[in-house]
Protein chains: 2
Amino acid sequence: MTARTAADARAEARDAYRAGFAACPTNRLLDRMGDKWVGLVLKELAEGPQRYGELARSIPGASQKMLTQTLRHLERDGLLSRTVTPAVPVRVDYELTPLGQSLLPVLNAVTRWAEQNIGQVDRARRAYDAQQG
Amino acid sequence: MTARTAADARAEARDAYRAGFAACPTNRLLDRMGDKWVGLVLKELAEGPQRYGELARSIPGASQKMLTQTLRHLERDGLLSRTVTPAVPVRVDYELTPLGQSLLPVLNAVTRWAEQNIGQVDRARRAYDAQQG
DNA sequence: CGGGATCCGCAATGATACTG
DNA sequence: CAGTATCATTGCGGATCCCG
């Protein structure tokens, strides 16, 4: 059948919308910042360059894999730079780029809102949960 | 064996750290905002109250399930209110609460950075990909 | 020291059908 | 109209072993 059902139309609209959605800068950024360890890594590097091991010790919650993956993503996006110093043993330093530093104020805005309003959120959550299990 | 291996110690450190991590307001907020459709929904409701169907049409990329789930989460966190008007057919309106509105400037900060810097991010990404496939 | 490679479980996401 | 219920998928996050 070549009949165009309503479902087909909806599916097409979805796909078209999602193409635009994936390209939307805001959502791309939110997606990145929503990555579990991105916020922590940026906060750590905000205070200065650090070696891989230092980061790993500062953020013991992240597995090696996730820490490396997070660092690679941020490097790919140009938010931080990775510097390898050939020696024995090898030394690798991570540092925020100017672009990465320009993101810090945004991150701080998020942090400030979160700290100031987390109480209200928790109260709302308790009220919601109490009212209807 | 009751021997305490280094792996055990690391596992404990991880768990302890993660408990604190889960409680960190910033990460909780980033997690929520990172939810795929939260940004879109907030942007839509920023312009005024809307009915469920309006939202669904404005955001065709989201399935019914995900839209409803997103709305429920935001309602639970006290960021928006859900008003049911008993009628035939039923009418349900969603509206940002003051708390939800107070989050808009933060979201706008994210949007502004994203729009201004997405070009650099894309350039960095192309450079990274070109250099090492 | 700073990873890479691999395998795995589970939760997030989604498509579809049905309901008050 | 505004959902709920159900089932399928997939990929994130993680554990573990190995390497230069």
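Everything numeric here is computed off the predicted structure, so don't read it as measured data. In what follows, chains are A, B, ... by sequence order, proteins preceding strands, each numbered from 1.
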Does a nitrogen or oxygen in the side chain of [X] sit under 4.0 Å from OP1 or OP2 of [N]?
X       : N      : value
B:Arg72 : D:dT4  : yes
B:Arg82 : D:dA2  : no
A:Arg14 : C:dA15 : yes
B:Trp37 : C:dG14 : yes
A:Arg91 : C:dG2  : no
B:Lys36 : C:dG14 : yes
B:Tyr94 : D:dG3  : yes

Take atom [atom1] of [X] and atom [atom2] of [N], then tell me their distance rounded to the nearest Å.
X       : N      : atom1 : atom2 : value
A:Leu55 : C:dC1  : CG    : C1'   : 14 Å
A:Asp35 : D:dG13 : CG    : P     : 6 Å
B:Leu67 : C:dT16 : CG    : P     : 17 Å
B:Lys65 : D:dT9  : NZ    : P     : 14 Å
B:Gln64 : D:dT6  : CD    : P     : 16 Å
B:Met66 : C:dT16 : CE    : P     : 16 Å
B:Arg57 : D:dA2  : CZ    : C1'   : 12 Å
A:Leu71 : C:dG3  : CG    : P     : 8 Å

For the residue pair [X] and [Y], confirm or rule out a side-chain donor-acceptor distance under 3.5 Å.
X       : Y        : result
B:Asn27 : A:Lys43  : no
A:Thr83 : A:Tyr94  : no
B:Arg76 : A:Tyr128 : no

Out of D:dA2, C:dG14, D:dC1, which has the shortest distance to the side chain of A:Arg18?
-> C:dG14

From D:dA2, D:dG13, C:dT13, nucleotide with atom closest to B:Tyr52 side chain | D:dA2

NZ/NE/NH1/NH2 to OD/OE distance under 4.0 Å, B:Asp31 and B:Arg28 =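 B:Arg28 and B:Asp31: not salt-bridged.
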
Atom CD of A:Glu44 and atom CG of A:Leu96: how far apart are they, to the nearest 0.5 Å?
-> 11.0 Å

